[in-house]
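Structure first, commentary second.
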Amino acid sequence: MDCYDACQAEVIEENIKGSKDNLVTNGKLCVNFAQLLKENNLKTPIFNNQEISLDESLKILSKKLKDTNSSNTLFYSGSGNLGILQSSTKNFFTQYGSVLTKGSLCDGGGGLGIEQGRVSVVNPPIEKLIDSDIILVWGRNFSVTSPHMYNLVKDKIFVTIDPIKTDIAKKSKIHMQINPKTDYELALLLTRFTNMQDMEDEEFLEEHSEGSDWFFDITRNRPVVSYEATTGIPLSQVNELLELIENKKVAIIVGLGVQKYFEGAQIMRCIDSFAAYLGVHKKDSGGVWYLSDSEYGYENQLKIEAKNKKVSIPQVDFSSYDLVFIQGANPVVSAPNTKSVIEGLKNSFVVCFTTTYNDTCEYADLVIPSSSFLSKRDVRLSYGHEYKAFSQIVENAYENTINEYDLTTYLIEEFGFKALKHEDDIINYYKNTNVVYEEFETFEFIEEVDIEPLYKHKTSSNFYLITGKSKNSLNSQFTVDNNVYLHPSTGFKNEDKVMIKSAYGEATFSVKISEDIKEECAFFYAGNKKTNYLTPNKEDEESFSAMFQEVLIEIELS
Ligand SMILES: Nc1nc2c(c(=O)[nH]1)N[C@H]1C(S)=C(S)[C@@H](COP(=O)(O)OP(=O)(O)OC[C@H]3O[C@@H](n4cnc5c(=O)[nH]c(N)nc54)[C@H](O)[C@@H]3O)O[C@H]1N2
Ligand SMILES: Nc1nc2c(c(=O)[nH]1)N[C@H]1C(S)=C(S)[C@@H](COP(=O)(O)OP(=O)(O)OC[C@H]3O[C@@H](n4cnc5c(=O)[nH]c(N)nc54)[C@H](O)[C@@H]3O)O[C@H]1N2
Ligand SMILES: [Mo]
């Protein structure tokens, strides 16, 4: 699955169990894995709402591709599964000449912010997390979205920075219930306090970094007390945090929450710069973790050089293509601005290549079932840690399903394109290649910050829109929750039906009241079928990525 832990399972006496050989999985399986095993997988291709055979579906696809001008087609893939061989299909569509996507619906903004300061988005080895004393969880629901990684460190002292009282916030010694999109302000404030308490790492600043004076100057632009009102965090809590981390080995675990905004890259870079100021980057333990580039250090075995046109993934207009091929994705729920996604899909020939009949299949002309992970060989690289997981075939594939590698091979042969490397060679390459974590040479501090806060435009009737992952779903898969969660002070009641509007769209929801939500926030679980009616299908400032929370909403009884 598309998840930090990328866990590994084994068949033991006909039961599927968590593998003990994988340090992170550590013999346990999670809720999502159990749900995945219960999934009702697609077994038959569908064309114009009629079930057909796999052979027929492949012929229809191939003919349709031959009859269409390739520059009027789009290849759109999600991250249904982290397997390397899953991305085989991109090789074919690149050779064929389809338009491809750039940017991300997930971690793009934050990733760019890290790259700007220290070249690559790569996590320190997991041992350095295990050896830390204090874990600062920043905009990440650590115990829910990476339960296996959490298990390795669950006895540490945690501090959580999140507008929501998440599971990990409840387990934390300090919970800073920050106002949305003010994390860069908090990072600046923490830097200022670090300096006041003489806690900066002078050796690191002199030997391994550039621009720390400029960065520190930014923190002095405002009176310290002014941050209390904007971030919602009392200075006493900031003091408490600095006392807690003084002379301790600090790990900072950053998640998606901080960067779902227009200036997501700048915000992330401010946090990484605070971390550098404190000196966490070059210590024997601790460090900064984010969603790393899971392929870092490996040579992509499926890559093909080409100059295809690319469109930003949040801005994709499906209606402007004669054919769209969607793989391992459910844009009807997971992409921003659902209304325009649906309208676009209605006006194009849509092919869905997926394991399950998801919401997007409703708008597909042709659905091709992908074989389940139980019948695919693959190697999975994680964005949470450095361990690889290899998948073996443990069950025969259903007769009318096909895996990504075989579908690609079929199409490549049909078109006479350059063949893929052999499956064994690809998998063996990953088996035999070990990536050694290399520290960056020099850290470059952010020297100018230009971020427009949401609070500047927020009226008293506006709410911030917040989304986070749920324990019972994996994005739009498994058990989804379509409610809106609000604080009791909003005056709404459980089960109230409300109409929610934004500048981008509107939808109705049923209310759940919870003390865990910050007063002016409306919280939705990722996978909620309605939330993305409200979100902007626009790209962020620099990384071509989505910015789901760059929006203010109004709520009224419907
Ligand atoms: N169970 C489960 N696990 C998953 C997934 C799943 O759907 N379910 N999805 C997987 C995927 S695809 C990904 S990318 C990862 C993502 O996992 P996480 O990085 O944990 O991402 P989110 O849950 O989206 O958001 C994390 C937190 O950010 C908070 N937040 C929102 N806005 C702000 C803000 O302005 N500032 C701060 N400081 N915090 C804010 C939210 O309240 C939320 O608790 O999880 C993976 N693991
Ligand atoms: N408002 C809001 N929107 C969000 C988010 C948010 O926090 N808030 N989170 C964003 C994030 S982090 C992400 S990563 C995206 C996720 O968005 P998507 O990548 O679209 O992920 P899913 O919605 O889980 O849909 C994945 C689909 O892949 C299919 N699939 C699973 N395994 C396989 C396989 O092996 N092969 C094939 N061919 N198909 C498979 C499943 O059936 C499923 O329907 O959503 C983003 N959207
Ligand atoms: Mo994601």
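Indexing begins at 1, ligand by ligand and atom by atom, following the structure's order. The residues of the chain are indexed from 1 along the displayed sequence. Note: hydrogens, waters and symmetry copies are ignored here, and every other heavy atom, side chains too, is used.
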Looking only at protein heavy atoms, which one is nearest to atom 38 (N) of ligand 1, and how far off is it? D183 OD1, 2.7 Å
Could you see which bit of P147 sits under 4.0 Å from ligand 1, with heavy atoms only: side chain, backbone, both or neither? neither
Backbone, side chain, both or neither: what part of Y383 comes under 4.0 angstrom of ligand 1, heavy atoms only? side chain
Best match, Q86, K260, K376, E404: closest heavy atom to atom 7 (O) of ligand 2: K260
Under 3.5 Å between any N/O of T182 and any N/O of ligand 1: does that happen in this structure? no
Y261: numbered ligand 1 atoms lying under 4.0 Å from its heavy atoms: 32 (N), 33 (C), 34 (C), 35 (O)
Can you tell me which portion of N330 lies within the under-4.0 Å heavy-atom range of ligand 2? Options are side chain, backbone, both, or neither. both
Going by atom types only, do N537 and S340 share a side-chain donor-acceptor pair under 3.5 Å? yes
For the 3.5 Å polar cut-off, considering only N or O atoms, please tell me whether I161 and ligand 1 meet it. yes
If you count every heavy atom of other residues, nucleotides or ligands that lies below 6.0 Å from K388 atom NZ, does the total exceed 12? yes
For atom 21 (O) of ligand 2, which of the options S334, C3, G468, S371 provides the nearest non-hydrogen atom? S334
For ligand 2, is there an atom lying under 4.0 Å from some heavy atom of F353? yes
For ligand 1, which part of C30 has a heavy atom less than 4.0 Å away: the side chain, the backbone, both, or neither? neither
Just wondering, more than 12 heavy atoms not from K310 lying within 6.0 Å of its NZ? no
Contact between ligand 1 and Y464 is defined here as a heavy atom of the residue under 4.0 Å from a ligand atom; is it met? no
The answer for which part of N358 has a heavy atom under 4.0 Å from ligand 2 is side chain
If you measure only the distance, is there a donor-acceptor pair under 3.5 Å linking the side chains of S172 and T160? yes
Would the number of heavy atoms belonging to other residues, nucleotides or ligands and lying under 6.0 Å from NZ of K471 be above 12? no
Below 4.0 Å, non-hydrogen atoms only: which portion of D107 touches ligand 1? Side chain, backbone, both or neither. neither
Only one of F524, Y525, F509 forms a ring-ring contact (aromatic ring centres under 6.0 Å, His included) with Y485, so which one is it? Y525
Quick one about E39 and T355 (side-chain donor to acceptor, distance below 3.5 Å, no hydrogens or angles considered), yes or no? no
Counting only heavy atoms closer than 4.0 Å, does ligand 1 sit against the backbone of I466, its side chain, both, or neither? side chain
Looking at C106, which atoms of ligand 2 are within less than 4.0 Å of one of its heavy atoms? 12 (S), 14 (S)
Non-hydrogen atom of L291 closer than 4.0 Å to ligand 1: yes
Any chance NZ of K173 has more than 12 other-residue heavy atoms, nucleotides or ligands included, within less than 6.0 Å? no
Is there a nitrogen or oxygen of N179 sitting under 3.5 Å from a nitrogen or oxygen of ligand 1? no
Run down the list D2, D162, D167 and name the one with the heavy atom closest to atom 42 (O) of ligand 1. D162
Heavy-atom distances under 4.0 Å are what count here, so tell me which part of S476 touches ligand 2: side chain, backbone, both or neither. both
Any heavy atom of M1 sitting closer than 4.0 Å to ligand 2? no
Ligand 1-proximal atoms of R140, by part, heavy-atom distance under 4.0 Å: both
Looking at Q549, K518, K469, Q477, the heavy atom closest to atom 32 (N) of ligand 1 belongs to Q549
Just by distance, do the side chain of T508 and the backbone of V498 share a donor-acceptor pair under 3.5 Å? no
As an exercise, identify every atom of ligand 1 less than 4.0 angstrom from a heavy atom of T166. 44 (O)
